[in-house]
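Just the heavy atoms: all of them, side chains too, but no hydrogens, waters or symmetry mates, feed the values below. Note that this is a predicted model, so its numbers are computed, not measured.
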Amino acid sequence: MSVFGLFVIETKNYNGLIYGGEHAEYWTQNIYGNKFQLYNPILQNAGHVRALRRVLNDFEPLQILPIVAFSDKARVKVKVEDACVVYWSQIRKVIKQFEEKHLTWSQVNAICDAVQTAQMEPNKETDKQHLKDIQNAQEQKFDAIASGRCPRCGSTLVLRQGKYGKFYGCSNYPQCKFTHPAE
């Protein structure tokens, strides 16, 4: 948090080769030939940004700047156009690029207080609803995929062969970039 905006930094302590697409739901970690899926950290960070916007709706418009940062042990091979994906050692350099002040220090302090208050006051009803929403979204997504539809835009899913194997991609590509690994 600074006068330049609110930086939401998703850090990942992975090693090995990390690859995937900016809009793909999952990325792949390859360690010595063993492949593991991980939820796309850009999408994960977008969820954090949405949560912060709900908590900080009194402070709109608020410049929130999402950054995904990997440890230097990883070799990140991800094509991004709009997102910021860097190594931990580059975070400071990225933040220093922002020179336009969007907030006063009193606003910064008020925002910090609002975030701390939200963290200290757990709301069981909100938590239950959040979990229910996640479960419903997952069920809808899996139902759409099982019926051969893209869960994002409703178009047909097509089996494709990529650099790293077979996957299902949206027939509406490049407008919709949804992908799902082939089982």
Donor-acceptor contact present, side-chain Arg53 to main-chain Leu62, <3.5 Å: yes
Taking everything shown except Lys73 itself, do over 12 heavy atoms lie less than 6.0 Å from its NZ? yes
Main chain of Trp105, side chain of Asn109: is a donor-acceptor contact present, judged purely on distance under 3.5 Å? yes
Kindly give the cluster partners of Leu43, where membership spreads through any ILVMFWY side chain lying under 4.5 Å from a current member. Tyr26, Tyr39
Can you see which heavy atom on Pro66 is nearest to which on Cys84, and at what distance? O-CB, 3.8 Å
Does the side chain to side chain contact (heavy atoms under 4.5 Å, CB included) test come out yes or no for Val68 and Val80, once each step is laid out? CA-CA 11 Å; Val68 174; Val80 293; over 6 Å; no
So, Lys12 and Glu10, do they make that salt bridge, N to O below 4.0 Å? yes
Okay, side chain of Trp88, backbone of Ala69: is any donor-acceptor separation there less than 3.5 Å? yes
Hey, are the side chains of Cys176 and Ser155 touching, using non-hydrogen atoms and a 4.5 Å cut-off? no
Determine whether Gln44 and Ile42 make a side-chain contact, defined as any pair of heavy atoms from C-beta on separated by less than 4.5 Å. no
dist Glu22:CD -> Lys177:NZ (nearest 0.5 Å) comes out at 7.5 Å
Determine whether Phe36 and Thr28 satisfy the following criterion, side chain to side chain contact (heavy atoms under 4.5 Å, CB included), listing intermediate values before the conclusion. CA-CA 6 Å; Phe36 306 94; Thr28 302; over 6 Å; no
Could you state the interatomic distance from NZ (Lys35) to CG (Asn30), rounded to the nearest 0.5 Å? 5.5 Å
Grab the two heavy atoms, one from Ile18 and one from Asn15, that are nearest each other, plus how far apart they are. CD1-O, 4.3 Å
Rounded to the nearest 0.5 Å, what separates atom NE2 in His102 from atom CG in Leu65? 7.5 Å
Okay, side chain of Arg160, backbone of Cys170: is any donor-acceptor separation there less than 3.5 Å? yes
Rounded to the nearest 0.5 Å, how far does CG of Leu157 lie from NE2 of His180? 8.5 Å
For Phe70, ring-ring contact (aromatic ring centres under 6.0 Å, His included) partners two or more places apart: none
In the hydrophobic clustering that connects Ile, Leu, Val, Met, Phe, Trp and Tyr at side-chain heavy-atom distances below 4.5 Å, which members other than Tyr164 occupy its cluster, ordered by chain and number? Leu17, Tyr19
Phe178 vs Tyr173, test: ring pair (Phe, Tyr, Trp, His ring centres under 6.0 Å). Steps then yes/no. CA-CA 8 Å; Phe178 176 80; Tyr173 179 85; over 10 Å; no
Please lay out, stage by stage, how Phe4 and Val108 fare under the test side chain to side chain contact (heavy atoms under 4.5 Å, CB included). CA-CA 10 Å; Phe4 306 108; Val108 168; over 6 Å; no
Mark yes or no for whether Ser71, through its side chain, and Tyr14, through its backbone, hold a donor-acceptor pair below 3.5 Å. yes
Straight-line distance of Phe98 CZ to Ser2 OG, nearest 0.5 Å: 9.5 Å
Residues Leu52, Val115; criterion side chain to side chain contact (heavy atoms under 4.5 Å, CB included); working and verdict: CA-CA 8 Å; Leu52 280 169; Val115 170; 4.0 Å; yes
For a quick test of reading the model, state the closest non-hydrogen atom pair linking Val78 to Gly21 and the distance between them. CG1-C, 4.4 Å
I'd like to know if the side chain of Trp27 and the backbone of Gln37 have a donor-acceptor N/O pair within less than 3.5 Å. no
Whether Gln138 side chain and Gln135 backbone form a donor-acceptor pair below 3.5 Å: no
Expected output: side-chain Gln116 to main-chain Asp113 donor-acceptor under 3.5 Å: no
State, with a plain yes or no, whether a side-chain heavy atom of Lys166 is found less than 4.5 Å away from one of Leu159. yes
For a quick check under 3.5 Å, do Gln63 and Lys101 share a side-chain donor-acceptor pair by atom type? no
Can you tell me how far apart CG (Asn45) and CD1 (Ile67) are? Round to the nearest 0.5 Å. 8.5 Å
